[in-house]
Every structure is written in C-alpha cells, then in structure tokens.
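Notes follow once the structure below has been shown.
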Number of protein chains: 2
Amino acid sequence: MTSGKLTIKDIAKQSGYSISTVSRAINNHPDINSQTRRDIMELIDETGFIPNDSARFLKRTASNSIAIMVKGITNPFFSGMIHYIENYIQELSYTTILRHVASEEDEVLVAMSLVKERKLKGIVFLGGAFIHDMEQLDKLGVPYVFSTIGNLDGRVESAEKVANVAVDDVDAAMQAVDYLISLGHKKIGIISEGLQLASVGQLRWKGYLKSLQKAGIAMDPKLTYEANEGIEHYTVQNGYKGARTLLDNNPEMSALFCISDVLAMGACRALIDAGKKIPEDIAVVGFDGIDMGDYFIPRLTTIKQPQEKLAKATMSLLFDMINKKSGPQNLLYPAQLIIKESTELSKNK
Amino acid sequence: MTSGKLTIKDIAKQSGYSISTVSRAINNHPDINSQTRRDIMELIDETGFIPNDSARFLKRTASNSIAIMVKGITNPFFSGMIHYIENYIQELSYTTILRHVASEEDEVLVAMSLVKERKLKGIVFLGGAFIHDMEQLDKLGVPYVFSTIGNLDGRVESAEKVANVAVDDVDAAMQAVDYLISLGHKKIGIISEGLQLASVGQLRWKGYLKSLQKAGIAMDPKLTYEANEGIEHYTVQNGYKGARTLLDNNPEMSALFCISDVLAMGACRALIDAGKKIPEDIAVVGFDGIDMGDYFIPRLTTIKQPQEKLAKATMSLLFDMINKKSGPQNLLYPAQLIIKESTELSKNK
DNA sequence: CTGAAAGCGCTAACAG
DNA sequence: CTGTTAGCGCTTTCAG
C-alpha cells in the first residue's frame, strides 16, 4: 500500500529479518527456512516491493542473459526471427533481453554497454551495419553472432573470426532470376538498396548479375533501381517508387526482382496503377518469405529464408561459443524459391 | 585496447586525475578545465571505456527519461505511434526508453521496475491490457498515459483518474458501418476480437451494433466473427479465417467490417480465394489507416486514426502531468473514414 | 538457517 | 577547477 520508494531495507525492518535473509527469500536461495521465506514473500506482495535491478546487476558478477540487438524492429522478417530465437533461449533457460537499436545508435556500442550493465553471456545482432570495426567487436568480451545480415566474405577483414549465420544471398538471388529467365523473361528489373556499400542488397544484386551473365543477357543499368532515401529502405513506399521509375525508363520490362517482400508489395501496387497485369504483363519476385506475402493479392512468389533453421543455427552457434565448444563460424544456408501467383497465372489461384 | 573490464577507477589512475574529475568529464559537467576534459575523453576513447549504467542509475536520483511500454511491437500501427512519440520526447530533450513487453509479462509491473531502476519521469502505455488494477497503477509513482487502447469509460473504476488518449472507437466504428449501410448493404459481417473482455474490439463492435440499430437492421450473431486464438489477434491469418468462416455461414453477406487493417487484408485474401470480387460482391472496411493498406490490392477503405495528433496529445498530456499543469484526463479524438477501392469501384483506381 | 559487513561502479555534495 | 568521501540498493562472503 505504500508508494514505490521501498527498498530491501524496509522489508527487512518490517519483517523483522535481516537484509540478507530478505535477499535470500527474493532470490530463492536454498538455505533459508521455508516458513521464513513465505512470510517475507507475503510481506513483499502486500507492500508491492520491487527490487531495484540496477543494484542487483551492479552487484552480480554473471547472468544468464542473451541480448538480441535489433535494428529495424519494423521489419516483419525480424519479428519471426525474434520469435524463434526467444524460444531457443528460453528452452535453455537463459533470459532474453530484446534491445531495439535506434537508427542513429551504434549497435556495437549499445551492446558493449549492455554487456557491462547486464553481464551478458552472449549477443545476437539482427539487422544493422554490415561492416564493423574488428577492434570494437573484440572489446565486446562475450560471444556474439550476426544473424541474417548477409555473407561475411569480403566485408570483414577476417570473416573466419566473426560468427555469422545467413542465407546464401548471392545464390538465393540467382535462383530467383534464373527462374524468371526460365519463364522466358529477358528484360528483368531489380529493386535493391545500398549497392555502393556492403549489404544484403549488394549480395542479392550480385546474384542478379551472375544469373544474367550465365544466361548471356547483358545487364542494363536502367533496369536497376536503388532505394537510398531514408534509413528504412524496406518500405512499400520505396517499392512503389522503384517500380514506377523502372517502368517509366523501361516500358518493355517484363519481370521485376525485389530484394524484399515489402518492396515487392509496393512494386505490385505501382505496376497495377500503371495498368499492368501481374503476372501477365510483368512477373514479380520478392525475397524473405514473410507471412503477409502469402496473403497479398496476387500471392507473392518469393525466396523464402528458412527462419526457424536460421534461428536455430544462430543459437546453437552462440551457445557453442559460450560453452567453448566452438569458435566463430560463417554458416550459410540455402533459401528456397516459392512459386506463387505473382509470376505464374496457374499457381495457387 | 584493453578488454571490457575497465572502470572509472582505471581511467582515473591512467589519466592521473581523480575519479570525480573523470566523472565530470564523462557527464559534461561545467566546472572542469576544458583541457582536462579533452585529455580524459581522449583516454576514454583510446581505451574504449564505457561507464556502467547500473552504477550510474543506482546513484542518480532523477533522470529525464520517458518510457514507452509497447505490447505487440509487431503491430504496424504502433510503429507509427512510436515514431511520433519519440520525436516529441526528443524535442523536449527528454530521453526515450522503448521497452518491448512480452505477451506473458505484465506491463505495469515492468513499468514499476523501470521507474525504480531508471528513475523515469513518465510512462506511455501502448497496447496491452485494457483493465488495470488501480492500486497497482497508483504504485507507479510517476505520471503515465494510456495511448490508443480505447476509451476508458466503464472499464476502469474511475476513468477520470487515469490519463488516456484514444480515438472514439465506438463512434469511429459507427462511421464505418453507417457508410456501408449508406452504400445499401444490409448483411454486414464483422471480424473483431475479445468481445467478452473490455477491449477496443468490444468498443468497435458496439459501434457496429449501434449503427445497425440506428438503421433498423437486426443484428445477426452469425455475422460476427471473434478472433480469439493466440495472443496476437491482429494477424492476416485471423482475418483470413474470419472471412472464410463468415462467408461459409452467410453466403449472402455483402459487406465486411474488420477492426484492423491487418485483419482486413487477410479477409480480402479469403474472399478472393472464395471467388468473390471486391468490392462488387463484397465491400471491405478496415481500421487504423496503416501505410500498407494504401498499397494493398485493392486499396483498403479504412478508419484512419490520426496518429500524429494522438501522439502529440499523449505527450502534451504526459508532460503537463509531469509539470503538474494538469491532472489525468480522458481525451478522445475523432477518426476519419477514408474511402478507397475495397468498398467503391471508382474510388482511387 | 540467519546476521553483519564489504563492496559492485558511479555520482554528488563538500571541502579545498 | 579538483580531490575526498559517503552512499545508491543490493548480493555475497564470512561468521555464528
């Protein structure tokens, strides 16, 4: 009934026990009389006392916490990943700390702070920068895994030193474009992002290129749209703008590969607005395999990332590193082409 | 270059200054020689020292932090709200703490813990339970505002004691259904959630009822679908299932009101799959006015919640309460019907 | 099984 | 402008 200024001292005084006994009760310590514990817990419930976490963590030397650092919590693809990752953390009776990293924050710095403050056991990075300062990373002091932010090769001085789990983006994009080519398309546009920097966008664009080359189709720069504005590239708005621009510059474009499903949905809207029929006039392929894509009209053909497998691999690797059973590894998984209505009329109607 | 175990003491020792001077440098205190500060900061940069937040917050007696407690971070409607709210917090040079509340957590308890730990100035609750224990709430000890989780009337013992900002859900739903009726519809289905508990679902369902009554249309229980499974009610999956069920039980249904845009999208997919044309065979109205709705095919007619206005009102009220310029208030804003393709063929094509 | 006492790392008076 | 000192609220030895 008293207000929120209670400390463990007050509970000690009111209960007649010492501070340490109260602490034992709170923390479920074994060496305490069960009646004593019950009495104390009852008083705590009555008074509404809540221990101050700052004090607890300041004193503690270790915890069982894993932090998930998410940059771009809006991205529906991450929602799924978080869900699976949280499950695995819980299964191993660790605690999850989900930390949303604002776009202007540096996820590694935030992680460092959390390591100190919460005595983390490990870290998962979801989204965020593709290139990191190895020196910075070394300072983290606990195992960490980059998850689903692309292959590390060529974007880290020593990829084998950094743990990474992702889909093989180049290969996955190739699958998508190979498929479009197999349907007879030659004028294939792409909506990507940040090509000038190392990013999944760049990797998927590389796949697009390789696929064209393999088929002997010359790459036409006019068929590439790069979403650059704003920090949130993966928006329907950008997809819309991209498709409209590509269409304006390439009236003969017959297929479009978007590096995310959200972009693809925006793109579809633009194509329809321009009077095009999907897939008769233009075929569209997305990337990620988010739930919404399968409810979109038309249902989206996409490259599905195996979320559950990726989440599981991320956590196994992290826990192996925590338990010194493994060093950092760069694990790549295949993605799967899912053919739906946005590329073939007959499919799934 | 040293690992992450540095404390302020190490920096003091290495720099030759005392702990308090280092603290002054870190915290941008005015009474410190600027050269001293520069020297210390340089050393801090070099060594990669990061102060332990637990210790800082433990010691501090106040902060300028506002916490946003979000239950259901997946909900795209909240993303927008968070964005606006963060802006206002920053404008007033307060700090935002965005806390994701897991579905099994109690947001008020989490908030209490945060109040103690971070010495919060105020709290915004986004999503989460519709009914709260007043005693619990009283213990928070700092001003708080419930935002966009519905009108408080009848679901709190004393609504005038609790700060609340929302759209007038009953009225808003009436607008939607009035409009459908004005189009000539009589068999109007509704996809809602949690009717048995106080919730926005219940409020919007009430609006649906009132609108039918006003028009002299008898309510048919078969036309109500209640999404209950799972904790996340606002999913495309639930929308799909709802529409399919309603359609099976009401072949003559000609309009459908969904209490969120996400539900509406799922519903549209089910209707199309059942061979229906939107809006020719069935008109669909959503609720919220999220970005995606305007990119959906067909563009969604919806009840748009004025996010920016709601966010601004939430923050003004909170800051007024913090500055003792106001007591808690229950503020309701009107929502706006936006007519698009999912109800009228000619609109916005 | 319980209590006393020593800090965790930092900030904030209080002196100089 | 700088250093000394006293805790913030809690956990955890170490005794009893």
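Quick note on labels: first sequence line is chain A, next is B, and so on, each numbered from 1.
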Should the pair B:Phe146 and B:Phe125 be assigned to parallel (<30°), tilted (30 to 60°) or perpendicular (>60°) ring geometry?
-> parallel
Audit row: B:Ile8, B:Ser23, side chain to side chain contact (heavy atoms under 4.5 Å, CB included) steps and yes/no = CA-CA 8 Å; B:Ile8 197 173; B:Ser23 173; 3.9 Å; yes
First locate atom CG of B:Asn64, then atom CD1 of B:Ile89, and finally report the distance between them rounded to the nearest 0.5 Å.
-> 11.0 Å
Establish, from distance only, whether the side-chain atoms of A:Gln35 and A:Asp39 form a donor-acceptor pair under 3.5 Å.
-> yes
For A:Tyr17, which contact category applies under a 4.0 Å heavy-atom criterion: base, sugar-phosphate, or nothing?
-> sugar-phosphate
Contact class for B:Asp31 (heavy atom, under 4.0 Å): base, sugar-phosphate, or nothing?
-> base
Worked verdict on B:Tyr88 versus B:Phe319 for ring-ring contact (aromatic ring centres under 6.0 Å, His included) = CA-CA 10 Å; B:Tyr88 289 118; B:Phe319 285 120; 9.1 Å; no
Do other residues, nucleotides or ligands put more than 12 heavy atoms under 6.0 Å from the CD atom of B:Gln90?
-> no
So with a 6.0 Å cut-off around NZ of B:Lys119, is the heavy-atom count from everything else above 12?
-> yes
Full working for side chain to side chain contact (heavy atoms under 4.5 Å, CB included) between A:Arg37 and A:Tyr17 | CA-CA 10 Å; A:Arg37 183 200 335 276; A:Tyr17 288 98; over 6 Å; no
Classify every nucleotide of nucleotides 9-16 of chain D by which part a protein heavy atom approaches to under 4.0 Å, writing B for the base, S for the sugar-phosphate alone and - for neither, in 5'-to-3' order.
-> BBBBB---
Chain A on DNA chain C: first and last contacting nucleotide, 5' to 3', under 4.0 Å to a heavy atom?
-> C:dC1 to C:dG9
